[in-house]
Amino acid sequence: MANDQCLACHVEEEYLPEGYLENDIHTQAGLSCAGCHGGDPTSDDADIAMSPAAGFVGVPSRQEVPQFCGKCHSDIGIMRQYQPRIATDQVAQYYTSVHGQRLQEGDQKVAECVSCHTAHGILRAKDARSTVYPLNVPGTCQRCHGDADYMKEYGIPSNQYDDYAKSVHGQALLENQDTGAPACNDCHGNHGAVPPGVASVGQVCGHCHVNNMQYFIASRMGEAFAEEELHGCEECHGNHRVEKTNDDMIGTSDKSVCVDCHAEGDPGYEVAKTIRAQLAKLTQSYDKAIARQSEVQRIGMDDVDIGYLLREAHQSLIQARTLVHTFDPEKVAPKTEEGVVKADEALVAAVAQIKEHKVRRRGLGMATLFITMLVVALFFKVRQMETR
Amino acid sequence: MGRRRNMAKRTYSWLDERFHISPLIEFMRHKYVPVHRHTVWYYMGGVALFLFIVQVVTGILLVLYYQPDEESAFESVRFITTKVSFGWLIRSVHSWSANLMVFFVFVHMFSTFFTRAFRKPRELTWMSGFVLMALALGFGFTGYLLPWNELAFFATKVGTDITGALPFIGEPVKILLRGGPDVTGATLSRFYAIHIALLPAIFAAILFLHLLFVQRQGMHEPDYLQRLPKEKKKLIPFFPNFLLRDTLLWLMVLNIVLFLAVFFPWELGEKADPFAPAPEGIAPEWYFMFMFQTLKLIPGHVLFVEGEVLGILFFTLVGIAWMFVPLWDLKQRPERRPRPMTVIGVAGIVYIIIFTIWGYMA
């Protein structure tokens with residue numbers, strides 16, 4: 001690198017590619033310009049250094065980019081010297097994606113490697129400054145997918161980013177900086193990016209929400225959805241704008257998603273009503289116990305055991321909410337009942353603590369009275385002694 | 001009734017025959033305490049003594065359950081306050097009584113200072129009292145860490161860091177106190193040993209001397225009272241009158257401590273996490289606040305001396321000077337006012353109050 005004449009000349013001439021970073025990952029690994037573009041980096045004569053005879057290939061066209069990068073990235077023999085466990089199927093995956101297929105068809109607007117990773121300022125995906133760092137992925141995709149004019153000819157919406165940013169996932173990732181929250185690539189894939197189809201939506205969500213997916217697939221509702229070719233989770237929860245769930249989503253109120261398909265009188269309507277009532281019973285018991293726990297904390301009494309019981313009740317509530325995806329009240333009931341028992345135990349413990357607090361005060365009152373009587377008696381005794 | 005009195009008499013004779021306690025009783029019976037407009041200050045030392053006794057009793061009870069270990073100290077204190085019968089009361093009384101004890105020690109000390117009771121022949125009573133005060137502060141400093149909560153952990157870190165700033169001996173003393181370069185479980189067991197064994201042993205010995213001096217020399221009389229003829233002085237017997245008055249006040253203080261313990265239970269806070277960043281509002285116990293605030297205000301460097309070192313040297317010198325007050329007492333004509341020693345005392349109190357409030361406001 002020290003004797004790299006490409007870099008020496010380009011720096012001297014101040015003719016560097018757009019977005020050039022000195023700490024680009026390839027430069028860090030000892031690869032200079034000739035590593036990708038070919039040519040002779042030892043010659044300070046531009047005509048010799050950049051001659052086809054010296055292997056110079058110049059700037060690849062957009063269509064050539066995947067193969068250009070794949071020269072090394074698809075060759076495990078080359079790549080394992082940098083990272084023994086690195087994947088080398090990016091280019092192969094890319095050609096299965098909508099981007100890759102369109103590029104092969106001659107579409108010059110679709111994303112290729114450089115569109116997402118940049119060309120001369122590539123950083124490790126773990127680097128927070130990288131365009132493909134989890135927190136930056138939605139912004140990187142949005143550069144094209146958020147541009148209505150750019151997307152016009154494809155007939156797809158361009159509001160995914162805005163919807164995503166408002167979703168429970170987007171808030172976790174973008175606002176809370178939780179890198180564990182899903183970005184675009186976690187559902188769509190990255191190199192092999194495709195929109196999830198009818199059959200795969202459940203699998204995509206189920207990658208993280210495992211129990212919900214299994215309960216759903218095994219339920220009557222799951223079977224019906226498959227027959228009707230409905231998009232599993234998406235039908236109730238939406239896609240990019242997945243909102244934080246709440247108990248009102250189930251039941252028969254206007255806010256419920258069940259009434260979108262089930263009308264009064266059909267069995268699904270009754271199931272929704274029953275499950276909603278089961279959840280309501282548990283949440284009411286839980287909220288009541290929580291209110292008492294706050295009172296216990298406020299008066300400075302022991303809430304350690306109450307806290308444990310409430311944690312168990314809350315765990316039951318979470319599990320019951322997951323069991324909603326069985327759409328079977330008989331499966332939800334044991335869990336809600338278990339939670340109600342724990343919440344009621346917590347309530348009893350909290351009431352006992354509040355009672356104990358009153359007992360303490362009463363005890364103090366009695367002790368104070370007794371000591372005060374002693375004080376008064378002593379006072380009169382001393383006065384009697386001293387007036388004698 | 002007569003039988004019981006007879007029994008008591010026989011027991012007394014039995015004891016007297018063996019331990020000769022009659023002279024002691026005679027001594028107490030003939031000991032008188034002067035009554036005048038400053039008599040109220042005589043009781044402050046007694047109140048501090050009473051609170052010390054409360055500390056010993058509650059402290060022994062706490063030791064039954066407390067575990068001086070990094071892993072279990074916090075949990076054991078929580079166990080005491082939540083599961084042990086009356087543990088909440090004992091722990092809360094111990095904490096409140098400790099703070100009130102330091103407060104009354106300060107009141108006792110300043111009242112002795114202003115009534116000039118430290119003068120001849122009571123120089124050693126004053127000096128032993130000063131050492132007792134320093135030990136009481138030591139009790140406070142070591143006891144503060146024992147619940148192993150977040151605030152105490154970082155306050156101890158800051159406190160021992162300040163010691164480390166002393167020239168030459170600072171670093172070794174810091175390591176000696178901490179039991180290593182950092183505040184760890186070793187510091188906790190060390191502080192525990194100091195709190196429940198070392199300090200009580202020294203404190204008990206010096207307290208014995210202090211009380212012996214007081215009993216031997218009697219109560220100090222203010223100047224104007226000393227000039228009065230004996231028949232014009234109002235005196236009350238130490239036993240039982242003064243002792244009963246003392247008891248009366250002790251019971252009132254006990255009532256206050258119980259009230260505070262029940263209505264304002266001492267908080268436990270969060271368990272200390274040595275790897276967590278220091279929380280906001282780290283503060284030492286209130287009685288160290290004026291020193292802490294002073295150290296914060298001194299610039300990093302004053303001439304070629306480090307600010308912190310200068311502050312510590314200042315407090316050390318003031319402490320030494322305060323201990324040896326009887327040796328440099330500025331005496332002067334009584335008609336001249338204000339008296340210089342009174343000015344010094346008032347300035348000291350004003351400084352402590354202002355800097356303490358400032359420390360809490362900052």
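Residue numbering restarts at 1 for every chain, and letters A, B, ... go by the order of the sequence lines.
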Problem - Greater than 12 external heavy atoms within 6.0 Å of B/Lys234's NZ - result: no
Handout entry: Neighbour count >12 (heavy atoms, 6.0 Å) for atom CH2, B/Trp41
Key = no
Problem - B/Thr81 and A/Asp302 side chains, donor-acceptor separation under 3.5 Å - result: no
Problem - Atom CD of A/Gln177: over 12 foreign heavy atoms under 6.0 Å - result: yes
Handout entry: Flag side-chain contact, heavy atom, 4.5 Å: B/Leu244 against A/Glu386
Key = no
Exercise for the section: For B/Phe86, look at atom CZ and say whether over 12 heavy atoms of other residues, nucleotides or ligands are found less than 6.0 Å away. Expected result: no
Handout entry: Contacting moiety of B/Ile236, where chain A heavy atoms sit under 4.5 Å
Key = side chain
Practice task
Drop me the distance from A/Asp305's CG to B/Lys83's NZ, to the nearest 0.5 angstrom.
Solution key: 3.5 Å
Exercise for the section: Check each of A/Leu374, A/Leu369, A/Leu364, A/Thr372 against B/Asn255 using the side-chain contact (heavy atoms from CB on, under 4.5 Å) test, and report the only one that passes. Expected result: A/Thr372
Problem - Enclosure of A/Lys288 NZ (heavy-atom neighbours >12, cutoff 6.0 Å) - result: no
Problem - Between A/Gln353, A/Arg360, A/Met385, the one whose heavy-atom pairs under 4.5 Å with chain B are most numerous - result: A/Arg360
Handout entry: Check against side chain to side chain contact (heavy atoms under 4.5 Å, CB included), A/Ile371 and B/Leu258
Key = CA-CA 11 Å; A/Ile371 295 170; B/Leu258 288 177; 3.9 Å; yes
Problem - Neighbour count >12 (heavy atoms, 6.0 Å) for atom OH, A/Tyr133 - result: yes
Practice task
Determine, stepwise, if the pair B/Leu251 / A/Met373 fulfils side chain to side chain contact (heavy atoms under 4.5 Å, CB included).
Solution key: CA-CA 10 Å; B/Leu251 287 173; A/Met373 276 164 61; over 6 Å; no
Handout entry: Greater than 12 external heavy atoms within 6.0 Å of A/His207's NE2
Key = no
Practice task
Pick one of side chain, backbone, both or neither for A/Asp303, based on which atoms fall under 4.5 Å of a heavy atom in chain B.
Solution key: neither
Exercise for the section: Could you look at A/Val382 and say if it's the side chain, the backbone, both or neither that has a heavy atom under 4.5 Å from chain B? Expected result: side chain
Exercise for the section: Could you look at B/Phe264 and say if it's the side chain, the backbone, both or neither that has a heavy atom under 4.5 Å from chain A? Expected result: neither
Exercise for the section: Report yes if the side chains of A/Leu378 and B/Arg245 come closer than 4.5 Å at any heavy-atom pair, otherwise no. Expected result: no
Fill in the blank from the handout: CG of B/Asn241 to CZ of A/Arg383, rounded to nearest 0.5 Å, is 14.5 Å
Handout entry: Residue B/Trp88 versus chain A: region with a heavy atom under 4.5 Å
Key = side chain
Handout entry: Neighbour count above 12 (heavy atom, 6.0 Å) for B/Met219 CE
Key = yes
